[in-house]
**Student:** 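Following this message is one structure expressed as structure tokens.
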Amino acid sequence: MATPEVSSKRGILARFEPSPLTRRRYQNFKRNKRGYWSFWILTILFVISLFAEFIANEKPLIVSYDGKWYFPVIQEIPETTYGGFFQTEAEYREQEVKDMINEKGWMLWPPIRFSYSTTNFSLDTPAPSRPTAENLLGTDDQARDVLARVIYGFRISMWFGIVLTALSSIIGVAAGAVQGYFGGWVDLFFQRFIEIWSGMPRLFMLIILASIFKPSFLLLLGLLLLFEWMSLVGVVRAEFLRTRNFEYVRAAKSLGVNDSVIMFRHVLPNAMTATLTFLPFVMIGSITALTSLDFLGFGLPVGSPSLGELLDQGKSNLHAPWLGLTSFFVLAIMLSLLIFIGEAVRDAFDPRKMFQNA
């Protein structure tokens, strides 16, 4: 007979054990091989990009000098530490600094010895230079390593898409829930507002606002959030309009349950099924919007690693096809993976496939 302690542990484990419906949805998601493997490929690439400073950097990862260990990738170390004359941070790519360190120690460099803003002054040809063993994808028109900028630009694009999708989903779900649950004049007023707001020339307004204010990651996030939140309102509103007259909702109202509790505890889970299927496509729109603004010159600050800016360089330097081809293939692969993931999520929540091969 099980002791109370064992029974308590079993109860805790049962609480976190996924329900049969969740397991069936996961199996449907996994059954879509293209979307399943796209999810893992994109996840691995994103996790790798999170450590971009340890993959592509103009500073060594580890420096052993005179019996002491230093980590320049995460700390600023003056040149005087290695026997130099300047109090400023050491320039590890300078031959004099290399000689001083190698005299009493050694350095461990990252796989790519360039950061996104590092200028390669040792090019044999004018920038943009073609791919070489030192610059695997060549350099741009400012002699910066293209591969390093792609790694950092991919990370920024993914972070921007994830954050914007999360914030716009919160606002869009809340707005759609209020509209669909209360209906009447509330729904009518919100619908007229959304019709007017969605009819605004979105791209032109973003360009105007981005040209007035100093561009930054947070500013672009706020500007795109002004319009992106509407993408999920219609789906959530329709689900709430359909569900609000169900018997269990009426029963909860008759028992005096608060409207907010009914909306977000009882009705919202039914609406999340349709909402989750749209999230990968909302993220695609977010990344595409950032890339478009960067391509037009109204995006991230000048010098930031940006796929849109690299695409613009490819347009301006047709004699350097590696610029345009690199940015095109990176964007095409990233957006294609997101589309495949969206298809797999759609299959996972499709009621017609819910009991397929159960």
**Student:** Only counting residues at least two apart or in another chain, list the ones meeting side chain to side chain contact (heavy atoms under 4.5 Å, CB included) with Ser327.
**Tutor:**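 With neighbours one apart ignored, the set is Leu310, Leu311.
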
**Student:** When clusters are formed from ILVMFWY side-chain contacts under 4.5 Å, directly or step by step, what else is grouped with Ile170?
**Tutor:**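 Under the 4.5 Å side-chain rule, Ile170 groups with nothing.
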
**Student:** List in chain and number order the residues that pass ring pair (Phe, Tyr, Trp, His ring centres under 6.0 Å) with Trp185, two or more places apart in sequence or in another chain; answer none if no residue qualifies.
**Tutor:**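 Scan of Trp185 (ring pair (Phe, Tyr, Trp, His ring centres under 6.0 Å), adjacent residues dropped) gives none.
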
**Student:** Mind checking side chain to side chain contact (heavy atoms under 4.5 Å, CB included) for Asn135 and listing every partner two or more places apart, or none if nothing turns up?
**Tutor:**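 Per chain and number, Asn135 pairs via side chain to side chain contact (heavy atoms under 4.5 Å, CB included) with Phe114, Asn120, Leu123, Thr132, Thr139, Asp145.
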
**Student:** Through direct or indirect side-chain contacts below 4.5 angstrom among Ile, Leu, Val, Met, Phe, Trp and Tyr, which residues connect to Met100?
**Tutor:**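 Met100 shares its hydrophobic cluster with Val63, Tyr65, Tyr70, Ile77, Tyr82, Tyr92, Val97, Ile101, Met107, Trp109.
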
**Student:** If you look only at pairs with a residue in residues 97-106, which of them pass as a side chain to side chain donor-acceptor pair (under 3.5 Å), with sequence neighbours excluded?
**Tutor:**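 For residues 97-106: Gln95-Asp99.
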
**Student:** Which pairs with one or both residues in residues 247-292 pass ring pair (Phe, Tyr, Trp, His ring centres under 6.0 Å), sequence neighbours excluded?
**Tutor:**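 For residues 247-292, and leaving out neighbouring residues, there are no ring pair (Phe, Tyr, Trp, His ring centres under 6.0 Å) pairs at all.
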
**Student:** Write out all pairs satisfying ring pair (Phe, Tyr, Trp, His ring centres under 6.0 Å) with one or both partners inside residues 322-348, taking only residues at least two apart or from two chains.
**Tutor:**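 Every candidate ring pair (Phe, Tyr, Trp, His ring centres under 6.0 Å) pair involving residues 322-348 fails, so no pair, neighbours aside, qualifies.
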
**Student:** Go through Trp159 and Phe217 one step at a time and tell me if the ring-ring contact (aromatic ring centres under 6.0 Å, His included) criterion holds.
**Tutor:** CA-CA 10 Å; Trp159 267 124; Phe217 183 91; 8.7 Å; no

**Student:** Sort and list the pairs that fulfil salt bridge (Lys or Arg N to Asp or Glu O under 4.0 Å) and have at least one residue in residues 331-343, not counting sequence neighbours.
**Tutor:**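 Salt bridge (Lys or Arg N to Asp or Glu O under 4.0 Å) check on residues 331-343 returns Arg34-Glu343.
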
**Student:** Please go through Phe85's hydrophobic cluster and name the other residues, only I, L, V, M, F, W, Y counting, with side-chain heavy atoms under 4.5 Å joining them.
**Tutor:**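 None; Phe85 is a cluster of one.
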
**Student:** Charged N to carboxylate O under 4.0 angstrom, Asp347 versus Arg31?
**Tutor:**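 A salt bridge is absent here (no side-chain N lies under 4.0 Å from a carboxylate O).
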
**Student:** Who passes side chain to side chain contact (heavy atoms under 4.5 Å, CB included) against Leu255, sequence neighbours left out?
**Tutor:**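 Only Val257 meet the side chain to side chain contact (heavy atoms under 4.5 Å, CB included) criterion with Leu255.
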
**Student:** Taking side chain to side chain contact (heavy atoms under 4.5 Å, CB included) as the definition, give me every residue that meets it alongside Tyr26, ordered by chain and number, with sequence neighbours left out.
**Tutor:**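 For Tyr26 the side chain to side chain contact (heavy atoms under 4.5 Å, CB included) partners, ignoring immediate neighbours, are Lys30, Tyr36.
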
